[in-house]
Amino acid sequence: YAPRGVWLDGTRLVVADTMDLWINIMRADLDALLKNLDGLVLNDSEAKLLTGTENLVAAGRAVQQMGPKFVVIKKGEHGAMFFGEYETYVLPAFPTDRVVDPTGAGDSFLGAFMAALAFGIPLRQAVLRGSAAAAMVVARVGCAPAMPDRSELDAFLADHPGPTAA
């Protein structure tokens with residue numbers, strides 16, 4: 001549950017995407033892993049479960065104290081929260097008129113987020129791209145077939161109003 005990535009400039013980046021199963025049945029292993037991560041991406045219920053708090057700001061900061069340099073908490077149709085070494089912010093989700101199938105929204109968020117980082121896109125813009133990918137996926141049927149490629153994501157960002165990364 002710890003995908004390893006390498007930025008295009010050769011810098012190593014280790015980010016994990018956890019789930020309630022790992023929190024519930026492999027907590028000691030997860031705690032050890034967290035100490036070695038650059039980043040952790042998880043959804044709001046996982047953040048609450050991992051930290052034992054209902055407050056997402058407190059949860060994000062508590063997860064950071066467990067080891068990751070940055071934490072992204074996905075909040076579904078409410079966007080995402082970012083907790084970094086020097087900044088904390090919330091980006092709202094892209095407005096979506098039609099939800100067909102939410103399957104894969106979180107995975108597409110992480111995929112677009114990690115791809116953006118691999119291409120040297122700043123963290124705030126990477127969160128924005130993840131949110132856009134998730135908005136695209138929920139309007140389509142299926143999981144893998146619904147995931148946009150880079151050109152589709154760029155076109156979506158150019159054509160759709162949504163949160164700003166400025």
Side-chain angles (χ1 to χ4, degrees), residues 1 3 5 13 15-20 22-23 34 37-66 68-144 146-150 152-166:
Y1 46 80
L13 176 71
V15 177
D17 179 16
T18 193
M19 60 192 323
D20 58 356
W22 303 127
I23 296 167
L34 292 173
L37 294 178
D38 296 304
L40 180 68
V41 179
L42 67 171
N43 68 35
D44 50 359
S45 65
E46 294 161 346
K48 293 173 185 179
L49 179 62
L50 183 60
T51 62
T53 182
E54 291 293 312
N55 182 300
L56 289 177
V57 173
R61 291 185 177 138
V63 174
Q64 266 190 294
Q65 293 300 310
M66 296 175 187
K69 293 177 184 73
F70 69 83
V71 176
V72 178
I73 299 177
K74 301 174 291 181
K75 302 186 324 156
E77 70 270 19
H78 301 291
M81 301 176 79
F82 176 86
F83 299 86
E85 292 180 275
Y86 305 107
E87 63 183 344
T88 298
Y89 53 83
V90 177
L91 282 177
F94 280 81
T96 305
D97 294 333
R98 187 177 86 132
V99 175
V100 175
D101 184 358
T103 305
D107 292 331
S108 65
F109 178 100
L110 182 60
F113 173 76
M114 292 300 295
L117 294 179
F119 282 98
I121 294 172
L123 280 164
R124 187 180 289 247
Q125 288 285 336
V127 173
L128 182 75
R129 291 180 73 80
S131 185
M136 293 175 73
V137 164
V138 300
R140 300 174 176 179
V141 175
C143 185
M147 296 200 188
D149 63 24
R150 186 174 181 183
E152 288 177 294
L153 185 56
D154 289 342
F156 179 90
L157 286 165
D159 293 341
H160 287 78
T164 173

Review point. Does the side chain of Thr53 come under 3.5 Å of the side chain of Asn55 through a donor N or O and an acceptor N or O?
Key: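 Checked: Thr53/Asn55 side chains show no N/O donor-acceptor pair below 3.5 Å.
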Point to revise | Candidate list Leu40, Thr18, Leu37, test side-chain contact (heavy atoms from CB on, under 4.5 Å), partner Val63, passing option | key: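 That would be Leu40.
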Practice item. Look at the side chain of Gln64 and the backbone N and O of Phe70, then say whether any donor-acceptor pair between them is shorter than 3.5 Å. Key: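 Checking the backbone N and O of Phe70 against the side chain of Gln64, no donor-acceptor pair under 3.5 Å is found.
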Show every donor-acceptor pair shorter than 3.5 Å between a side-chain atom in residues 80-92 and any protein atom, with sequence neighbours excluded, or say none if there are none.
residue: Glu87; atom: OE1; partner: Arg124; partner atom: NH2; Å: 3.3
residue: Tyr89; atom: OH; partner: Arg124; partner atom: N; Å: 3.3

Determine the minimum heavy-atom distance between [X] and [Y], stating which atoms define it.
| X | Y | value |
| --- | --- | --- |
| Ser131 | Ala93 | OG-CA, 3.6 Å |
| Leu157 | Ala132 | CD2-CB, 3.7 Å |
| Arg98 | Ala139 | NH2-O, 2.7 Å |
| Pro102 | Val138 | CA-CG1, 3.9 Å |

Report all side-chain donor-acceptor pairs from residues 103-122 shorter than 3.5 Å, counting only partners two or more places apart or in another chain.
residue: Thr103; atom: OG1; partner: Asp101; partner atom: OD1; Å: 2.7
residue: Ser108; atom: OG; partner: Gly104; partner atom: O; Å: 3.2
residue: Ser108; atom: OG; partner: Ala105; partner atom: O; Å: 2.8

Practice item. Kindly determine whether Leu42 and Val71 satisfy side chain to side chain contact (heavy atoms under 4.5 Å, CB included), including the steps that lead there. Key: CA-CA 8 Å; Leu42 67 171; Val71 176; 3.8 Å; yes
Exercise for review: Could you list all the salt bridge (Lys or Arg N to Asp or Glu O under 4.0 Å) pairs where at least one residue sits in residues 132-142, not counting sequence neighbours?
Suggested key: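 Listed once each, the pairs are Arg140-Glu152.
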Any chance you could measure [X], atom [atom1], to [Y], atom [atom2], to the nearest 0.5 Å?
| X | Y | atom1 | atom2 | answer |
| --- | --- | --- | --- | --- |
| Phe94 | Met136 | CZ | CE | 10.5 Å |
| Ser45 | Ile73 | OG | CD1 | 10.5 Å |
| Leu50 | Ile23 | CG | CD1 | 5.0 Å |
| Leu153 | Arg129 | CG | CZ | 4.0 Å |
| Asp20 | Leu49 | CG | CG | 6.5 Å |
| Asn43 | Lys74 | CG | NZ | 6.0 Å |

